[in-house]
Protein chains: 2
Amino acid sequence: MSGMDKCKLMIVDDHDMVRAGLRTYLMLEPKFDVIAEASNGLEALRMLRNSAPEERPHLILMDLMMPEMDGVEATRMIMKEFPELKIVMLTSFLEDEKVVAAVEAGAVSYVLKTVSAEELIYALSGAVKGMPVMTADVSQALTRGLRQRTTQGADEGLTEREREVLLLIAEGQSNKEIAEELHISIKTVKTHVSNLLMKCELEDRTQLAVLAHRKGWVKTG
Amino acid sequence: MSGMDKCKLMIVDDHDMVRAGLRTYLMLEPKFDVIAEASNGLEALRMLRNSAPEERPHLILMDLMMPEMDGVEATRMIMKEFPELKIVMLTSFLEDEKVVAAVEAGAVSYVLKTVSAEELIYALSGAVKGMPVMTADVSQALTRGLRQRTTQGADEGLTEREREVLLLIAEGQSNKEIAEELHISIKTVKTHVSNLLMKCELEDRTQLAVLAHRKGWVKTG
DNA sequence: ACCGTACTCCGTCTAGAGACCGAGGCCCGC
DNA sequence: GCGGGCCTCGGTCTCTAGACGGAGTACGGT
């Protein structure tokens with residue numbers, strides 16, 4: 001896009017009031033034009049698919065935590081179908097893993113919701129050009145998260161079934177309970193657990209449960 | 001306050017943009033007048049203390065999660081010093097424990113950030129009269145949280161030593177490792193673990209680890 | 001046809017977990 | 001002094017967890 005055009009924005013956040021706040025923020029900068037809003041990732045994706053190319057936004061302000069489809073997953077899918085779009089991730093919390101996941105998914109920038117209007121506009125202006133604008137704490141989280149990833153990177157070598165078992169372990173269930181819940185024998189559960197321990201390089205189920213909670217793989221964590 | 005007066009509001013939230021959104025929400029209803037804003041509980045408390053009684057707000061819209069002092073703690077302290085104020089808790093997440101804590105601290109209502117402007121104004125109008133306005137999911141969370149509290153309310157019947165052991169279990173350590181770290185014998189560790197299981201009404205160390213993470217008793221959780 | 005991966009199940013075996021019993025030392029309040 | 005709570009340690013016992021080896025099925029790619 002040329003420097004004189006208006007930059008078309010899409011806001012994706014499940015909180016009405018956050019969207020309202022963003023709109024007032026963006027009113028300060030006339031070059032940004034909010035042309036669409038969605039309340040979750042899936043809705044955003046559908047809106048993009050159902051719109052003509054010239055109607056699509058240039059930039060998407062995407063919340064990280066949303067129902068239906070979260071920001072990381074939505075970013076991944078949107079970047080696959082519409083790689084020309086720039087996505088800025090917006091979030092309340094600064095979690096190392098999430099920052100890494102967002103950047104890996106294709107987000108240009110990662111902005112905390114504590115930003116002022118000026119800071120946000122600065123970050124968006126950079127993002128339009130594909131330039132990430134990160135505050136010091138975000139970039140620290142990014143490097144910290146990457147370092148953790150490489151040292152204990154056993155994130156996704158897990159089977160679907162193994163992930164199921166892991167989640168149940170993280171709920172505090174015994175092998176017997178897991179076997180009943182999944183309709184398999186205890187022996188099979190033990191096999192899965194052994195494989196999990198081997199892949200994650202841990203020693204017992206308690207450490208698996210701790211890992212799952214630390215990584216945020218379990219809901220009520 | 002009489003029905004004709006304007007209702008003076010204070011907004012407490014660490015996110016600039018949420019405050020901006022709330023202001024635009026409240027512009028729809030002229031009887032509400034936002035007279036003050038704070039970005040955390042401590043700041044709100046200080047503002048109240050440094051203001052004359054006639055300058056103080058009638059109603060406070062308080063975010064739950066904030067730096068410095070969170071919404072529950074702030075509510076507790078504000079209600080102690082200014083019991084005539086009504087406080088509406090505002091949050092992104094529906095956690096049973098938090099709802100109970102908020103109500104116990106003295107909040108009139110508990111509102112999710114997903115509300116629309118109309119719903120928020122309705123809730124605030126009720127809160128002014130001291131009437132809690134809860135959506136179905138919030139009241140469900142409240143009753144669920146209260147039930148959990150009574151059934152497994154063994155939050156603080158734990159000994160100092162037991163808490164130490166619990167934290168190490170929540171780190172994924174074995175009895176032997178815990179014994180070495182605390183310089184006691186394995187037998188003693190087993191005693192503490194048994195007492196923990198009895199007091200928390202759980203069945204094994206993995207469930208203890210899960211409990212500790214769920215309750216947020218461990219840092220990297 | 002062959003190989004690789006995922007999922008399933010079986011038996012055996014060892015070490016740890018946890019229950020249940022008891023006991024001694026310590027400190028504090030009655 | 002005496003009781004009670006906390007921390008400590010011991011023994012015995014049962015059961016689960018997990019390791020290890022083997023094996024069958026199914027599905028998909030080469």
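All chains are named by letter (A, B, ...) in the order of the sequence lines, taking the proteins before the strands, and each is independently numbered beginning at 1.
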Roughly, in whole Å, what's the span from [atom1] in [X] to [atom2] in [N]?
X: Arg205(B); N: dT16(D); atom1: CZ; atom2: P; value: 17 Å
X: Glu177(B); N: dG16(C); atom1: CD; atom2: C1'; value: 12 Å
X: Leu197(B); N: dT16(D); atom1: CG; atom2: C1'; value: 14 Å
X: Gln173(A); N: dA17(D); atom1: CD; atom2: C1'; value: 16 Å
X: Leu202(A); N: dA17(D); atom1: CG; atom2: C1'; value: 15 Å
X: Ile178(A); N: dG18(D); atom1: CD1; atom2: C1'; value: 13 Å
X: Glu203(B); N: dC15(D); atom1: CD; atom2: C1'; value: 13 Å
X: Lys190(B); N: dG11(D); atom1: NZ; atom2: C1'; value: 11 Å

Before giving the answer on side chain to side chain donor-acceptor pair (under 3.5 Å), spell out for Thr188(A) and Thr191(A) the whole-Å C-alpha distance, their side-chain angles and the decisive distance to 0.1 Å. CA-CA 5 Å; Thr188(A) 309; Thr191(A) 305; 5.7 Å; no
Decide, yes or no, whether a salt bridge links Glu162(B) with Lys199(B) under the criterion of side-chain N to carboxylate O below 4.0 Å. yes
Is the count of non-hydrogen atoms from other residues, nucleotides or ligands lying under 6.0 Å from Met47(A) atom CE greater than 12? yes
Just checking Met65(A): does its CE atom have more than 12 heavy atoms from other residues, nucleotides or ligands closer to it than 6.0 angstrom? no
Please state whether the phosphate of dA19(C), meaning OP1 or OP2, lies under 4.0 angstrom from any side-chain nitrogen or oxygen of Ser194(B). yes
Think Asn175(A) has a side-chain N or O under 4.0 angstrom from the OP1 or OP2 of dA17(D)? yes
For Arg46(B), check side-chain hydrogen bond (donor to acceptor under 3.5 Å, both in side chains) against everything at least two apart and list the hits. none
Are there any protein N/O atoms within less than 3.5 Å of an N/O atom in nucleotides 7-9 of chain D, and if so, which ones and at what distance?
{"from": "dC7(D)", "atom 1": "OP1", "to": "Arg161(B)", "atom 2": "N", "distance (Å)": "3.1"}
{"from": "dC7(D)", "atom 1": "OP2", "to": "Thr159(B)", "atom 2": "OG1", "distance (Å)": "3.1"}
{"from": "dT8(D)", "atom 1": "OP1", "to": "Arg161(B)", "atom 2": "NE", "distance (Å)": "3.1"}
{"from": "dT8(D)", "atom 1": "OP1", "to": "Arg161(B)", "atom 2": "NH2", "distance (Å)": "2.7"}
{"from": "dT8(D)", "atom 1": "OP2", "to": "Arg161(B)", "atom 2": "NE", "distance (Å)": "3.1"}
{"from": "dT8(D)", "atom 1": "OP2", "to": "His192(B)", "atom 2": "NE2", "distance (Å)": "2.9"}
{"from": "dC9(D)", "atom 1": "OP2", "to": "Ser185(B)", "atom 2": "N", "distance (Å)": "2.6"}
{"from": "dC9(D)", "atom 1": "OP2", "to": "Thr188(B)", "atom 2": "OG1", "distance (Å)": "2.8"}
{"from": "dC9(D)", "atom 1": "N4", "to": "Thr191(B)", "atom 2": "OG1", "distance (Å)": "3.4"}

Which donor-acceptor pairs under 3.5 Å do side chains of residues 10-20 of chain A form with protein atoms, sequence neighbours excluded?
{"from": "Asp13(A)", "atom 1": "OD1", "to": "His15(A)", "atom 2": "N", "distance (Å)": "2.8"}
{"from": "Asp13(A)", "atom 1": "OD2", "to": "Lys113(A)", "atom 2": "NZ", "distance (Å)": "3.4"}
{"from": "Asp16(A)", "atom 1": "OD1", "to": "Arg19(A)", "atom 2": "NH2", "distance (Å)": "2.5"}
{"from": "Arg19(A)", "atom 1": "NE", "to": "Glu37(A)", "atom 2": "OE1", "distance (Å)": "2.7"}
{"from": "Arg19(A)", "atom 1": "NH1", "to": "Asp13(A)", "atom 2": "O", "distance (Å)": "2.7"}

